[in-house]
Amino acid sequence: MSTTNPQSEAALDEGGAATGDPARRARARRRSKQRRRLANVGGLMAALVLTGALYSVFSPAQAADEGSESAAEAAGRDLYERSCITCHGENLEGVNNRGPSLIGVGEAAVYFQVHTGRMPLARQEADAHDKPAVFSDEEIDQLMAYVQANGGGPTLPSGDLRDGDLAEGGELFRLNCASCHNFVGQGGALSSGKSAPSLQDASDLEIYTAMLSGPENMPVFGDNQLTPDEKRAIINYVQTIKAQADPGGAGIGRIGPVGEGLVIWVVGIGALLFGIFWMGSKA
Amino acid sequence: MAARTATAPGAPTTKIGKAAYEFDERMLLTPWLRRTLNKVYPDHWSFLLGEIALYSFLILLLSGTYLTFFFDASMREVVYDGSYAPLRGVEMSAAYDSALSLSFDVRGGLFMRQLHHWAALLFVAAIVVHLLRIFFTGAFRRPRDTNWLIGVVMLVLALLMGVTGYSLPDDLLSGTGLRIISAILLSVPVIGTWAHFAVFNGDFVGEQIIGRFYIVHVLLIPAILLALIGLHLLILVKQKHTQFPGAGRTEHNVVGNRLFPTFAAKATGLIFVVFGVCAALGGLVQINPIWLWGPYNPAQVSAASQPDWYIGFLDGSTRIFPPWDINLPGDYTVPALFWPTVVIAGAMFTLLALYPIIERKLTGDTASHHLLQRPRDVPVRTALGAMGLTFYLWLMVAGGNDVIADKFDISLNAMTWAGRIGVVILPPIAYVITYRICLGLQQHDREVLEHGIETGVIRRLPHGEFIEVHQPLGPVDEHGHGLLAYGGAPVPKRMNHIGGARRAIRGFFRPIEEPAQVELEQRAEGRGLAAAEDRELTTSGRPSEGGRPSEGGRPQEPRD
Amino acid sequence: MTTRDTRPGSTGGADVPGELYGGPDDDYTPEQLAAMSREDLDRLGAHYDHVEILHVDAGPEPGSPMEKRAIRQVGMVFAAAGLFAFLFVVVYAGSGWFLPDWHWQVTEGGWSALFTPLLGLLMGLSLLCVGVGLVLFTKKLLPHETAVQDKHDGSHFDRVTTGATFVGAFHNSGLARRKLITRSLLLMGGGVGLMLIMPLGGLIKNPNKGNPLGTTNWAEGVRLVRNDGTPIRPGDQQPGSLETVFPAVPGGNRQADAATMLIRLRPEQVEQLQPRVGHGDFAYGEYVAYSKICTHAGCPVSLYEQETSRILCPCHQSQFDVTQGAKPVFGPATRPLPQLPLDVDDEGFFIARSDYIEAVGPTYWNRERI
């Protein structure tokens, strides 16, 4: 409790002169030290209270949560810390051998992964499969806000996502997408157990955000590589082809010769075999 | 009083008769005509398979001619401006453009295109089934080995027709296949690049190939095929059709129906049935929707790109063949692609063509044969055939390995390895299994000949033993074993095969025959169930206890 | 003008019967044939063709219920065939007239999308009914006849006499001993044969002249452009992306061997980058460019898996590792994808520093010699 009080240890009476014998002088010193300390603390407290009062009087009015995050982001953080943190880390920095960093992926990536149900991942495997979404639309918005706020990245587009040239979309699709997803988006196999999924159930926004964010093994198609107009053209093409009828009869999966070969053997040769069993004799 | 003919000594009397007479004055056809009308054809259902191929070819000729009225086999670049919106403004070849306009702007054009393509798939499938029948029944043996060779050549030509045909529209799917054909040509050692430059008139893709494929597809190969089909049928008619062994059938006769009217009526019926199946498929099931594939662009490709099914085995062999280039001194290379395409196809078809000679050498059987063999009676050939078929089918499965991997959630790399390993170990396994099955079937035939048909009737003998009553097929010796030898014909194995079932009474809602009438007819036949019911069964029915022909066929009292 | 015309060359003609020379016309006079029933004549003719009718199962009794049923069945099937055929004609001709239009638009699913299936269904049913009717007629109404025909193997008489004729003529020609003729025949055959197939030589082109297989339109300073012709700057692509690029020459995007994949690697991939020997400086920072044409069979490779750094070819499943100079790591391909050396020009657009230093596309016999 010794203080390096610039004022000397010598007791000071009210006049400030040192008086009396050593014991009485010591007591007097202790008493005045305590009084000084109290006075110091009291002055400090007074100064603080005065400053605070002045500050709160003169500072501009603030929103209730200023300085940390919005309500959506906070809810997003909650969801994140319950469902995502194990693999993506406390600060979205990723965990080695479990999940990549989410810093800079943007809300588009979050929308795609969570809306298609790929995230939360069922287990560590080659491919993230789409499954029923775990989070509601509102919760997805919150997660999007949280991740976007912590690193930024590509954002969701707006407006009509099919507002593009149909034929140009077809050419772009065949050049960039068909090699993995097949001529008409039926999907295809990738190496070692992975697959490029079928686009039959994909919505406009899911396709857009997939192109923008390059999920898992899909390459990234940034806006300088495929402009927003070109992306819209592709989406227009995919959704139009999906919806269009097959004028030649049953489409049999639109996968080409594999299906056609099965049909000719099972239906064609099968029917004709029945026919010739009937026509000819058996022994 | 039998009807009199119009040929009184002198001239015919009816108008048609007179016209026929005049016709024959000029053409002198009647000897040939009568001979042809009287020709006997055996009636087994498996002999109709070749006809399915023949009639599919006919349909291809007719529908193909129609298509040539609309198709433009030119690789000139045009900009599409037709009725299919998703391709409007896209650059494409005139060939693709004409195929699109045939599909969308010609009334019934899409139907004819699809009819033609389905008939093509059916044509090759029918050839393959027909080939399998010929192989497994030994119909290729002398003197029909020439016809077998002609048949194998026609199979190869049919494959070439298919490839040149589906490449004509110049779409993305067949164009990818064209690129692979280019690579296959290049892969031939020494002359590969020269062959490629001759066929394509330069480097890939050039401007000639579709036009050249067109003339090959509509003129050159059809002409050769027509000639070969004519030869194939001529040889068949002159040698007469083979037949299965059976009652009254020898190596020196043919038992069956005369051409006119029975065989001709059935054959005509089959023409219409085949045509009907092709037409139904041509309208009801979409095939080769080229508008979905898009025009060919060498920088574009789709997942799940396969050739038509009959080339699938080559696609499979190419996928699974390991990356084994042969680097020769002097920096020459034998590319890895050479082996699973040119060499395997060449080897398979050569083996197929030479098989009759190989079998002759291995079995030492140089006689002429007109009777067929049941597959079980030649287990080595049947097992070899099963082995070859397994090899072929496994390669076809490997050709679709990416589609299987995608649809069934299997790793693509694992599918490739399965293809590689399976193609080596599965055929021998198939051989062994087929061989054993053939032996088993042979043994069962002989067992039934010896012990009779199992009737399913169980009797209990007085001393307590249970036996099943067997119906002998013919005379038995003193031990009760049948004396009939196996003759190559199917052995009856069920009671209804030997008349042990009643004749069905016809009618849909009500019988149109009187049951009493049917039964009377059956008793009049003197054999079969109805007649047997008149006899009382008082013994075990075992042949050793009676039932011998010397005793009138009726079982006697049991002897102790 | 009758057969009684007596001018030379006109009398009688061939209608006056000539000499008999054997055959069935000798054995049976027209009077005898006229006295036989139709059935007997049929069997007689068959006998001459070595065919015996063994057994005839007559068809159903005329007037019986079986026969009536069969006639009804066959008649109905044929009538159905005709009906379906007429319906086909109605659908085919009537579409666009009193039926809705058959021209199909992409957005439609109605009549125009059903036009082709209807055509197929109706024609198929019609033709099937014809065939089925014919077979029903044969099975149910025609008598079932079992016939036997004797085979006659090659006639020894024919072989011997034909052989004699052939060999005799050859012998008479004296060719066997007139060797000058046979030898000159050989020369003639060879020459004429060669002459006739010579015009096919017009098809032959020299693949080594100018090395078209080993060169592409890429060259020093040629810009990389997209399919629509726009040039590319570093920064246009995100890490982990692939873009198909073409040389900026006329028709560059239609050249079969010039398509190139421009890949921007992610930082993790850059760390693992092991370029091929001699290709150390072909990359531009984190950008690498490889030929899109597979070295196995020429398909565009294009399936880029950015996380595993593999490019998968969809045709035969060859896989190339982009961090190891696109060397094949699985599948039937044997050679790495050729790499295009990259640089950036004064305006900041990507250019090639030269053409590919090896042949693009599938391997061939003398690929390594160029």
Subject >> Rounded distance [0.5 Å steps], CE in A:Met279 versus NZ in C:Lys139 >> reply: 9.0 Å
Original post:
Heavy atoms under 4.5 Å from chain A: which residues of residues 287-295 of chain C carry them?
Top reply: C:Lys292
Subject >> Backbone N/O of A:Gly214 and side chain of C:Gln306: donor-acceptor pair under 3.5 Å >> reply: yes
Subject >> Heavy-atom closest pair, residues C:Leu242 and A:Phe221 >> reply: O-CE2, 4.0 Å
Original post:
More than 12 non-hydrogen atoms from neighbouring residues, nucleotides or ligands closer than 6.0 Å to CG on C:Asp57, yes or no?
Top reply: yes
**OP:** Take atom CZ of A:Phe274 as the centre, draw a 6.0 Å sphere, and report whether it contains more than 12 heavy atoms from other residues, nucleotides or ligands.
**Re:** no
Original post:
Taking every heavy-atom pair that is under 4.5 Å apart, which of C:Gln237, C:Glu243, C:Gln238 has the most such pairs with chain A?
Top reply: C:Glu243
**OP:** Return the option, out of C:Ser112, C:Gly240, C:Cys313, with the maximum number of heavy-atom pairs under 4.5 Å with chain A.
**Re:** C:Gly240
Original post:
Residue by residue, which of residues 223-233 of chain A have a heavy atom closer than 4.5 Å to a heavy atom belonging to chain C?
Top reply: A:Asn224, A:Gln225, A:Glu230
Original post:
So does A:Glu90 have more than 12 non-hydrogen atoms from other groups sitting under 6.0 Å from CD?
Top reply: no
Subject >> For chain A, which residues of residues 319-331 of chain C have heavy atoms nearer than 4.5 angstrom >> reply: C:Gln319
Subject >> Side chain to side chain, A:Asp246 and C:Trp104, heavy atoms closer than 4.5 Å >> reply: no
Original post:
Is it the side chain or the backbone of A:Ala189 that comes within 4.5 Å of chain C heavy atoms, both, or neither?
Top reply: backbone
Subject >> chain C contacts, top residue of A:Ala250, A:Ala245, A:Pro247, A:Gly222 (heavy-atom pairs, under 4.5 Å) >> reply: A:Pro247
Subject >> Any donor-acceptor pair under 3.5 Å from C:Asn227 side chain to A:Leu172 backbone >> reply: no
**OP:** List in chain and number order the residues that pass salt bridge (charged side-chain N to carboxylate O under 4.0 Å, His left out) with C:Glu347, two or more places apart in sequence or in another chain; answer none if no residue qualifies.
**Re:** C:Arg223
Subject >> Contact leader toward chain C among A:Cys180, A:Pro100, A:Gly248, where contacts are heavy-atom pairs under 4.5 Å >> reply: A:Cys180
Original post:
Any chance CG of C:Asp228 has more than 12 other-residue heavy atoms, nucleotides or ligands included, within less than 6.0 Å?
Top reply: yes
Original post:
Side chain, backbone, both or neither: which part of C:Ile263 has an atom under 4.5 Å from a heavy atom of chain A?
Top reply: neither
Original post:
Can you tell me how far the OG atom of A:Ser179 sits from the CG atom of C:Leu312, to the nearest 0.5 Å?
Top reply: 9.0 Å
Subject >> Interatomic distance, A:Asn217 atom CG to C:Thr308 atom OG1 [nearest 0.5 angstrom] >> reply: 4.5 Å
Original post:
Using a cut-off of under 4.5 Å for heavy-atom pairs, which of C:Arg233, C:Arg310, C:Gln105 has the most such pairs with chain A?
Top reply: C:Arg310
**OP:** Using non-hydrogen atoms and a 4.5 Å limit, figure out which bit of C:Pro239 sits close to chain A: side chain, backbone, both or neither.
**Re:** backbone
